[in-house]
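The structure under discussion appears below in the form of structure tokens.
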Amino acid sequence: MKTYLPSRFIIERDPSRCIQCKVCVNQCTFDVHYYDAEDDEVRSHEENCVGCHRCVIFCPTNALTVRRNPLDYRENYNWRPEVIEDIIKQSETGGVLLTGMGNDKGYPIYWDHLLLNASQVTNPSIDPLREPMELTTYLGQKPDRVEIEPSSLSLKTQLAPQVKLDTPIMFAAMSYGAVSINVHKSLARAAAGAGTLWNTGEGGLHPELYKYGNNTVAQVASGRFGVHPEYLDVARVIEIKIGQGAKPGIGGHLPGEKVSAEVSATRMIPEGTDALSPAPQHDIYSIEDLAQLVYALKEATNYTKPIAVKIAAVHNSAAIASGMVRAGADIIVLDGLRGGTGATPKIIRDNVGIPIELALASVDTRLRQEGIRNQASIVISGGIRNSGDVAKAIALGADAVYIGTAALVALGCTLCQQCHTGKCAWGICTSNPALTKRVNPDIGARRLTNLLRGWSLELKDILGGMGINAIESLRGNRLQLRGIGLTDTELEILGVKMAGS
Amino acid sequence: MKNNQVVKIDASGIFYRELNAKLREVVSDGVQKIELCNIYGQRYIGTDLDKPVEIEIFGTPGNDLGAFMDGPKITVHGNAQDGCGNTMNNGEIIVHGHAGDITGLSARGGKIFIRDNVGYRAGIHMKEYQDRKPVVVIGGTAQDFLGEYMAGGVLILLGLNLKKGECHKANFIGTGMHSGVIYMRGNVQDFQLGKEVGVAELDEKDGLVLKELVSEFASHFGYAAEEILKHKFAKLFPLHLRPYGRLYAY
Ligand code: SF4
Ligand code: SF4
């Protein structure tokens, strides 16, 4: 069948610069560039280009420009090029459209409608360069009250297990299989270096990374891949994954092509089989069942580590979160509408779930109203782009955030949304050994460490400006936020006042 | 060493957390045989135990018996409830009675023998890797979605309590199955099978596996293995390694 799909990108190769070195031919994983020996010229099949810009960055003479094909159909806000292309794809294949990464649609980004406060006159701001400034965060259940032994001034109350983070930014769940081992190595090393946590995702933990166990969140998801006693023992936190912002209510499956020998060893399934994650966990159909798994994991680890439960942000998140806390979760994780993924049906990604800002605000409010906010830490993820978003999330009530997409961008990702193809030209979302080499774990760890350092320094600046010297004092401090361009209902849900009031 | 000593624990009125703490303690003391009496629904018995100790249970253990367990041999003189052998790594569970839903959910090793019936979704998502192969043998019949998403291991359904001509209870047997094998004695109608499984005669290798496991089952519950094996068995196998590979556009 002749395809009616137009090329999405236009590739311009400046002939005065190109030296026919074929770097682009070798770098491209989507069969765009090729060498025509007869004419001794490098050419391109533009129709294959996904816009990942790997060639543009690696061309030694800056000869390449990749531009969006303007696709100047007659203007139509309803029938935009993307809508037309999707219909063409489905009419040619009859399948479900898959995509990678998070929701890219124009739903409101509330971070961009929230403004932070600063001290002027009545409260001195603090210069973090010269004064102590604390980002230390403890995750885990906090007691209702603490008792001190008067004679020794030591703590009498027995605390539930706590995890100390040097900065409230952690790396989000990305499974080995979806991302490569070198990405896992980069994340694990950076987390260990920066005193924070990274997350295995649902594909198990490669034995080489057991040594980073103290900085590892081990996920237990519906597929239970790679979940065995050693995995649970080595981790610092265990996270039960119920849902994910990029595909709420949907199971997953890692396509058989990505289940290489190494991936199969870590997931502990035969090579080349699809790794199917059922939509629900079949031992959890209710809050009571969730409690059962939470306590099964507490029993399995003898009450030594916090158990987190992760859900996608959906309409009734607040009520569910209350149930999660009552089910014994020490940390609740909310993943919003814009959370990324290695593969998801596009229609689900683009239409299901709610923005994380609204979910966070309503969950925090609800848990406070019920007097149980102290019983669990709140961690959010799904679209955190910079330290400003982090500060706003903490002011809205989060204890810490997970970053996934931002971490991958630090490793080279350009959000081409082809993760589900296994062909990632940046070597991130692939298990092809020729490509995974493109991420060097030493350099990857350095890039990630730099990112965390930069954001942490900025967070200190933000806190100092507010006249606050510890992130604890910003947590849930919505007075430090004002809304702009929001309706009364939005302000009410976010629990913030309008800027100027 | 307390090698030969049998430690008896009366569990009446004891909460599971206390009971399991006690089990951890005696197992780390080197005790190898434990008898638990008056068990009334305590959960997670055997969880977090990683030694090949023998535990005899009198009464009805609660949900998640042997969840994440790694080595013990548990014998239940009574029925087990839901989640028996959940994500079990290694060991054995022998139930002289019925077991509830999701028996052997996501098990990755070890053996589970149930004398009578099991509930819904038994053997769901069991998976094997190299020499690790979970086994579930059910003496009676099962409810729907037996062996759903099975990704490895051996599931045997014997139907010993079916009346003449009576079919197994389960529908959607082996839905989404993509690895492993189910051996079934007793009748099922075609519509009771999931779309992803095929039916075949047993070959010689199947016969050996079956004989070994049925003999083990029979010795636990006092049956004659030859009697059971005399009947015809069917083998259910996954039609595809990748049942959902052709669902997507791109
Ligand atoms: S990488 Fe740049 S210089 Fe080399 S062949 Fe491609 S376009 Fe030409
Ligand atoms: S991880 Fe790779 S494939 Fe996925 S969006 Fe980023 S660059 Fe593209």
Side-chain angles (χ1 to χ4, degrees), chain A residues 86 88-99 220 222-233 251 253 255-257 259 264-278 281-283 285 288-289 292-293 295-303 343 345-346 418 420-421, chain B residues 16-17 19-21 23-24 43-50 62-64 67-71 82-83 86-90 101-102 105-109 120-121 124-130 132 145 148-152 176-180 238 240-250:
Chain A
D86 284 354
I88 294 174
K89 282 182 197 167
Q90 292 191 291
S91 63
E92 290 173 2
T93 62
V96 172
L97 294 170
L98 275 187
T99 188
V220 172
S222 64
R224 304 280 159 87
F225 297 112
V227 177
H228 50 83
E230 205 180 354
Y231 172 73
L232 299 177
D233 282 345
H253 54 266
E257 304 88 69
V259 182
S264 97
T266 300
R267 293 209 172 208
M268 303 174 88
I269 50 168
E271 199 177 330
T273 58
D274 277 359
L276 302 181
S277 296
Q281 306 227 11
H282 279 289
D283 48 357
Y285 292 176
E288 291 73 19
D289 289 350
Q292 184 176 309
L293 184 59
Y295 280 92
L297 290 166
K298 289 189 181 191
E299 280 288 337
T301 52
N302 200 7
Y303 300 86
K346 187 166 183 279
Q418 300 302 308
H420 59 293
T421 63
Chain B
Y16 70 76
R17 195 166 165 178
L19 178 67
N20 291 327
L23 284 175
R24 273 187 205 105
R43 292 179 172 179
Y44 318 120
I45 296 172
T47 296
D48 202 26
L49 299 183
D50 56 1
N63 291 350
D64 274 350
F68 305 104
M69 182 171 89
D70 198 16
D82 296 343
N86 187 350
T87 324
M88 168 169 150
N89 205 45
N90 207 353
D101 296 341
I102 55 168
L105 167 98
S106 282
R108 60 177 61 265
Y120 291 83
R121 296 196 149 98
I124 177 175
H125 220 312
M126 300 203 302
K127 44 184 90 65
E128 70 185 58
Y129 179 66
Q130 292 174 344
R132 299 200 151 272
F145 293 106
E148 186 184 23
Y149 289 118
M150 230 172 108
M177 179 172 177
H178 51 293
S179 191
H240 311 285
L241 276 180
R242 308 198 41 205
Y244 303 113
R246 292 174 309 278
L247 213 55
Y248 298 108
Y250 37 95

### Residue part contacting chain A, namely of Asp50(B), when any heavy atom lies under 4.5 Å
neither
### Query
Does the Tyr129(B) side chain pair with the main chain of Arg267(A), one donor and one acceptor, at a distance under 3.5 Å?
no
### Rounded distance [0.5 Å steps], CG in Leu293(A) versus OH in Tyr44(B)
7.5 Å
### Query
Mind checking what makes salt bridge (Lys or Arg N to Asp or Glu O under 4.0 Å) contact with Arg17(B), not counting sequence neighbours?
none
### Closest non-hydrogen atom pair, Ile102(B) against Asp283(A)
CD1-CB, 3.3 Å
### Query
Rounded to the nearest 0.5 Å, how far apart are CZ of Phe68(B) and CG of Asp233(A)?
11.5 Å
### Task
Please name all residues satisfying ring pair (Phe, Tyr, Trp, His ring centres under 6.0 Å) with Phe225(A), sequence neighbours left out, ordered by chain then number.
His125(B)
### Task
Quick one: sort the His282(A) and Tyr149(B) rings into parallel, tilted or perpendicular, breaks at 30° and 60°.
tilted
### Query
Do Arg224(A) side-chain atoms and Ala107(B) backbone N/O form a donor-acceptor pair below 3.5 Å?
no
### Task
Kindly compute the distance separating CE (Met150(B)) from CG (Leu276(A)), expressed to the nearest 0.5 Å.
13.5 Å
### Task
Examine whether an atom of Phe145(B) lies under 4.5 Å from a heavy atom of chain A, and if so say whether it belongs to the side chain, the backbone or both; otherwise answer neither.
neither
### Distance in Å, Asn86(B) CG paired with Gln292(A) CD, rounded so as to fall on 0.5 Å steps
8.0 Å
### Query
Looking at Gly223(A) and Ser106(B), what are the two nearest heavy atoms and their distance?
O-OG, 4.1 Å
### Task
Considering non-hydrogen atoms only, spot the tightest contact between Glu299(A) and Asn20(B) and give its length.
OE1-CB, 3.2 Å
#### Entry: Pick from Glu148(B), Arg24(B), Met88(B) with the largest number of heavy-atom pairs that fall under 4.5 Å of chain A
Arg24(B)
### Query
Given a strict heavy-atom distance threshold of 4.5 Å, which part of Gln130(B) is in contact with chain A: side chain, backbone, both, or neither?
neither
### Query
How close do Ala296(A) and Thr47(B) get, heavy atom to heavy atom, and via which atoms?
O-CG2, 3.8 Å
### Query
Between OG1 of Thr273(A) and NZ of Lys127(B), what distance do you get to the nearest 0.5 Å?
10.5 Å
### Message
For chain A, which candidate among Arg132(B), Arg121(B), Glu128(B) shows the most heavy-atom pairs at distances under 4.5 Å?
### Response
Arg121(B)
### Query
With a 4.5 angstrom heavy-atom cut-off, which part of Ala265(A) approaches chain B: side chain, backbone, both or neither?
both
